[in-house]
Amino acid sequence: MMSLRSLAALSALVLQLCSCAATAGKPLATDQDADRRRNAAIQEMERRHDTTMMTSGGGSGM
């Protein structure tokens, strides 16, 4: 019987392999598409950070 940690690690590896296999047949995105996705992800992170700072009082309180 495998430990829970071993099962979790094995499951993570299987999911990564499935993800690679699923994207293997797809054409690569252009650099411009990658830049757009990266910029959108950064903007979303900044928006979430701003929201968190607004709701939590904006700092560590030190």
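Keep in mind that this is a model prediction, so the values were computed, not measured.
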Go through the steps to decide whether Arg48 and Glu44 satisfy the test side-chain contact (heavy atoms from CB on, under 4.5 Å), and finish with yes or no. CA-CA 6 Å; Arg48 288 181 183 186; Glu44 178 64 15; 3.0 Å; yes
Answer yes or no: is there an ion pair linking Arg36 with Asp33, defined by an N-O contact shorter than 4.0 Å?
->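 Yes, charged N to carboxylate O under 4.0 Å.
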Quiz prompt | Pairwise side-chain contact, Asp50 with Arg47, heavy-atom cut-off 4.5 Å (strictly under) | solution =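 Not touching, per the 4.5 Å side-chain cut-off.
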Leu13 atom CG, over 12 foreign heavy atoms within 6.0 Å:
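Above 12, so yes.
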